[in-house]
Amino acid sequence: MRFGVASVLGWALLASSCGSDASPSDGAVRIPFTIWVFDEPLSLDGENEPIANVVVAFDPPGGGERVTKTTDADGHVTFEGDFSYGGASVTVLSDEHVYVTMLEASPETASARPNVIGKPVPDLVIFPPRFDRVIEARSVEVRGNIFGRGSPYNVVSLAVSSLPRLGRAQALESTYALRAPRNRPFFLLGHETRTLIDKEGHVVDDELLKSFRIELPARADDQLLDLDLLKLPGLPTTLLHVRAEAPLAENGSFAAGTRAIAYVHSVDSGLEIGLYARTKPGTDGRTFDIDVSVVDTDIAPERALSQAVISAPDGSQSVRSEQGTMADGMVWKDFLLPPTIPAPDAPRKIRDPIPLDGFPAGADLVARVYAGGGQLLWLLYGPPGGPRAKTFAIPYRNEVGSVDIQLFALSLTARMDRVALSPRGEFYRFESTFRDVILQK
């Protein structure tokens, strides 16, 4: 998944329209709305830390002048708004995080899905993802040489526990480098595969040759760790056979050329314990028989998630997810059709309203905005239970004006059947994404 944000730095935070909330001139009742901004923990047992001194922008319900405030030491700001017009757009603008906007936000929508860190129920808590450079500063590098591959063309995939991002590497050469948690023990899980890639760059066969695990002590600095695959004991593996059934789509979302894969990974890190092996399409064009190589290793306290993904030729996707490791013979079905955006190839500006005519009723909305090269710039979340409005807009005010970006890509996702995980986290059993739509600056 695209997340290379380290190169998008020094964004100019717009602080225009700063000041206190204007007094209503029409006698409308304005009520307080408190926003909390917290960092997500870097590990499953880590603590949520408040983010102080970041700008939060409040675009009032029904339109009106933007108000911006800076979070206090405990990570909160409070605005006032007349929510009889609906919800506001609330945006966190941090130079160490991806921008996050909560669409149609209000005390009512915040209460519909209460926060999990003990703040008052009507308050809104936002967890903006960190930039890669921030994670790098709070982690250590593990790097080294790889010896003993069965063939120079084999791929060695590596991942460490306890780090949500940057803790993965795919070695095509004889060296590797990845990040690992600082000052805490972890383990490294690796796989050697014989990989066959077609002319379009898709993996069509990924035979698992060996999986291995190395327990590593806590470190405060970078580590050199050479891997000799011939000397590392292999882990037992099992080959599962599952099936995926693509949904029928009148609009031809999953036409000829549709592909399907399945795998098992950790919700909490980059660990992959069930590797996609191969797919055999059925003669009906809708069913796919999929092989998955599952490694027998305990990753607790991390949580395993099984997923099957159906990908259309145009880039649209539908994902089915279930907690735990999938069973042999499992049939994945009831995939959610991707949302659609009318006239997807029509010229659009980044501030233009995005119509939601083709968005599934009752689904939670997530929109992602990328720059060229796949850098994630912005995340937008709709209210619980789906958007009430017929359109949404990115509250863009030249925040990325210091970077010469003229084209953006918008990815629109629908999510249904949310499952909360303990002690924190969540996943959706049904998730689908429309192909990228290009936006001009």
Side-chain angles (χ1 to χ4, degrees), residues 1-4 155 170 193 195-206 241-263 265 272 274-292 306-321 331-348 354-360 363 365-376 407-416 428-440:
M1 187 175 72
R2 297 169 294 190
F3 212 90
V155 176
Q170 213 173 48
T193 58
T195 304
L196 178 63
I197 300 176
D198 65 17
K199 61 182 180 180
E200 297 178 350
H202 299 139
V203 175
V204 295
D205 196 291
D206 203 26
H241 308 282
V242 301
R243 173 170 289 187
E245 299 179 356
L248 289 172
E250 295 180 0
N251 61 4
S253 295
F254 297 111
T258 293
R259 301 175 61 254
I261 64 172
Y263 54 90
H265 66 107
E272 192 170 16
L275 284 71
Y276 164 71
R278 62 191 62 86
T279 297
K280 181 181 179 181
T283 56
D284 59 3
R286 288 188 54 238
T287 59
F288 302 87
D289 292 316
I290 307 170
D291 291 345
V292 182
S306 295
Q307 294 189 305
V309 182
I310 295 179
S311 302
D314 69 355
S316 297
Q317 283 191 340
S318 187
V319 182
R320 282 281 286 109
S321 303
V331 178
W332 295 92
K333 54 187 178 180
D334 301 326
F335 286 83
L336 182 66
L337 286 173
T340 57
I341 296 177
D345 297 320
R348 285 187 169 91
I354 305 298
L356 292 173
D357 309 60
F359 196 80
L365 178 151
V366 181
R368 299 172 177 88
V369 180
Y370 298 92
Q375 297 107 349
L376 180 62
L407 293 178
F408 302 84
L410 171 71
S411 175
L412 182 65
T413 297
R415 309 192 296 184
M416 300 191 77
Y428 286 77
R429 287 196 169 94
F430 307 92
E431 185 168 326
S432 60
T433 301
F434 189 52
R435 68 171 177 89
D436 288 356
V437 172
I438 301 303
L439 305 176
Q440 300 175 354

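Note that the structure is predicted; figures quoted are calculated from it, not measured.
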For R429, which residues count as a salt bridge (charged side-chain N to carboxylate O under 4.0 Å, His left out) partner, sequence neighbours excluded?
E322, D417

Looking at residues at least two apart in the chain, or sitting in another chain, which of them share a salt bridge (charged side-chain N to carboxylate O under 4.0 Å, His left out) with D345?
R435

Considering non-hydrogen atoms only, spot the tightest contact between [X] and [Y] and give its length.
{"X": "L412", "Y": "P339", "answer": "O-CG, 3.6 Å"}
{"X": "D334", "Y": "R320", "answer": "O-CD, 3.8 Å"}
{"X": "W332", "Y": "S306", "answer": "CH2-O, 3.5 Å"}

Within the 4.5 Å heavy-atom criterion, are [X] and [Y] side-chain neighbours or not?
{"X": "I310", "Y": "Q317", "result": "no"}
{"X": "T258", "Y": "P313", "result": "yes"}
{"X": "S432", "Y": "S316", "result": "no"}
{"X": "E431", "Y": "T413", "result": "yes"}
{"X": "F430", "Y": "R415", "result": "no"}
{"X": "L410", "Y": "I354", "result": "yes"}
{"X": "V319", "Y": "F335", "result": "no"}
{"X": "Y263", "Y": "Q307", "result": "yes"}

Between Q375 and Y370: side-chain donor-acceptor atoms closer than 3.5 Å
no

For [X] and [Y], indicate whether the former's side chain and the latter's backbone hold a donor-acceptor pair under 3.5 Å.
{"X": "T287", "Y": "E245", "result": "no"}
{"X": "S318", "Y": "L336", "result": "yes"}
{"X": "R243", "Y": "D289", "result": "no"}

In Å and rounded to the nearest 0.5 Å, what is the OG1 to CG distance from T193 to L196?
11.0 Å

Rounded to the nearest 0.5 Å, what separation is found between the CZ atom of F408 and the CZ atom of R348?
16.0 Å

Identified side chain to side chain contact (heavy atoms under 4.5 Å, CB included) counterpart of I197 within the set V155, D206, V204, V203:
V203

Can you list the residues that meet the side chain to side chain contact (heavy atoms under 4.5 Å, CB included) rule with R259, with sequence neighbours excluded?
H202, I261

